[in-house]
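So you know, we letter chains A, B, ... as the sequences are listed, proteins then strands, and number each from 1.
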Amino acid sequence: MASEGRVRPDPGTGWLLGLAAAGAAVAVALGTYGAAHDPTGEALFTLFFSGTINLKAWFATIAVALGLFQLASAMRLYGKVKIPRQVPAWLGDAHRLSGTLAFLFTLPVAYHCLWALGFETDSGEMRRFLHSVAGCAFYGAFTMKVLAVRSARLPSWALPVAGGTTFAVLAIAWSTSSLWFFQNVGFPEI
Amino acid sequence: MFRRFVRVVEALAVVAAVAFVVLLFANEPDDTPATATAADAPNGEELFGQRCAGCHGDDGEGRSGPRLAGGAVVTRFPDVADQIAVVRGGRGGMPSFGSRLTDAEIEAVVAYTRDGLP
């Protein structure tokens, strides 16, 4: 009788905590690197852009655009929107591809931020501080999302929450850098 | 076909993520300060182009870093020692160059920002 009243822990909760711990570890590791590493202050490759900063602003913008597609395609896949009426067969793969490409576009941006500029620890420099925190949090959230996609033991809400969090922190990182760049330096400033 | 392409891109992303982490640790610029001699005096303009122009603009017009040209840096730092201290130790989003540049190189690049920029 006593065992009937005992609440058994949901196995998904353990997985959820594990994913959160993995994401937090990635975010903290990046932040620690950024704070401990002596910033080089050097530029990276520029491709056809006029400077590394310009390249970063545009790569991050492309990543956010792909993130918006992720958001829209996920809402269609989950049936939260009904446009188009029939879910195209390729939409799931396109969703995966857009997320992967978004991640790839963020890598050179994050690399330059961490390697050349470092983590802003002075909360008095609010924009840069927020950007540093959101940038590291993005990779933590992304780790959680990728792991959540591959886990069948999580509650059904976990993946949308992980995806939404990933996009939200990406949007914060973008608005405290690329948006600032376009507003203060110029647009399109290729 | 499309799915296979997606998987190839995902595999590339894994490789890129590993390269990202490796390069963070492996790609350290040469920290050995150059030994300045009279015949090999640091070139402030060249150093500015290598180290500063990415953020402050090719002509110091300002980008993500503040404008330096047109006397802006002198207005901000009337005392050159204050500017040298910021270049050496960093401040806010400005990285520290104390371990990357010699004293002579810092003085040369600071002098260029004060007198050589348009």
Side-chain angles (χ1 to χ4, degrees), chain A residues 26 29-30 33-34 37-44 46 50-57 89-90 92-104 106-108 110-118 120-122 124-125 127-129 131-132 139 142-143 146 177 180-181 184-186 189, chain B residues 1-31 47-59 61-67 86-101 105-106 109:
Chain A
V26 168
L30 290 174
Y33 171 89
H37 178 251
D38 188 14
T40 63
E42 293 191 4
L44 277 182
T46 57
S50 56
T52 300
I53 304 295
N54 309 53
L55 175 144
K56 288 171 68 178
W90 48 263
D93 287 329
H95 178 82
R96 283 174 62 168
L97 180 63
S98 62
T100 308
L101 289 175
F103 171 72
L104 281 169
T106 65
L107 284 181
Y111 182 79
H112 185 262
C113 287
L114 290 165
W115 178 76
L117 304 176
E120 178 59 81
T121 53
D122 181 3
E125 298 281 351
R127 180 185 67 81
R128 288 195 284 254
F129 176 71
H131 178 72
S132 299
Y139 288 101
F142 183 81
T143 302
V146 169
S177 55
W180 176 90
F181 178 85
N184 290 274
V185 179
E189 273 299 307
Chain B
M1 187 67 183
F2 182 45
R3 180 158 296 175
R4 184 173 293 176
F5 174 71
V6 172
R7 290 197 174 140
V8 169
V9 175
E10 286 176 345
L12 280 175
V14 172
V15 172
V18 172
F20 171 83
V21 174
V22 170
L23 283 173
L24 280 177
F25 292 96
N27 186 22
E28 284 298 316
D30 183 8
D31 277 349
L47 287 167
F48 182 85
Q50 292 168 351
R51 302 282 186 159
C52 317
C55 293
H56 293 287
D58 292 338
D59 294 319
E61 71 275 18
R63 281 184 188 162
S64 56
R67 174 182 169 81
V86 169
V87 175
R88 184 175 288 135
R91 186 175 74 183
M94 167 91 173
S96 63
F97 287 93
S99 61
R100 307 278 176 205
L101 301 174
E105 286 173 329
I106 290 175
V109 77

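- Residue-environment remark: CZ (B:F5) stays at or below the threshold of 12 foreign heavy atoms within 6.0 Å.
- Both the backbone and the side chain of A:A110 come within contact range of chain B, with heavy atoms under 4.5 Å apart.
- Looking at A:A94, the atoms closer than 4.5 Å to chain B (heavy atoms on both sides) sit in the backbone and in the side chain alike.
- Closest approach of A:Y111 and B:N27 over heavy atoms only: OH-ND2, 3.0 Å.
- Two residues are said to be in side-chain contact when any heavy atoms from C-beta on lie closer than 4.5 Å; A:T100 and B:L12 fail this criterion.
- Only the side chain of A:Y33 comes within contact range of chain B, with at least one heavy atom under 4.5 Å from a heavy atom of that chain.
- Between chain B and the residues A:L30, A:N54, A:L107, A:L101, the largest count of heavy-atom pairs under 4.5 Å involves A:L107.
- The line from CZ of B:R7 to CG of A:L97 is 13.0 Å long, rounded to the nearest 0.5 Å.
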Mind listing the side-chain donor-acceptor pairs of residues 16-26 of chain B below 3.5 Å, one per line with the distance, residues two or more places apart or on another chain?
none

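- With a threshold of 4.5 angstrom between heavy atoms, A:L104 approaches chain B through side-chain atoms but not through N, CA, C or O.
- Scanning for salt bridge (Lys or Arg N to Asp or Glu O under 4.0 Å) contacts around A:D93 gives B:R3, with sequence neighbours left out.
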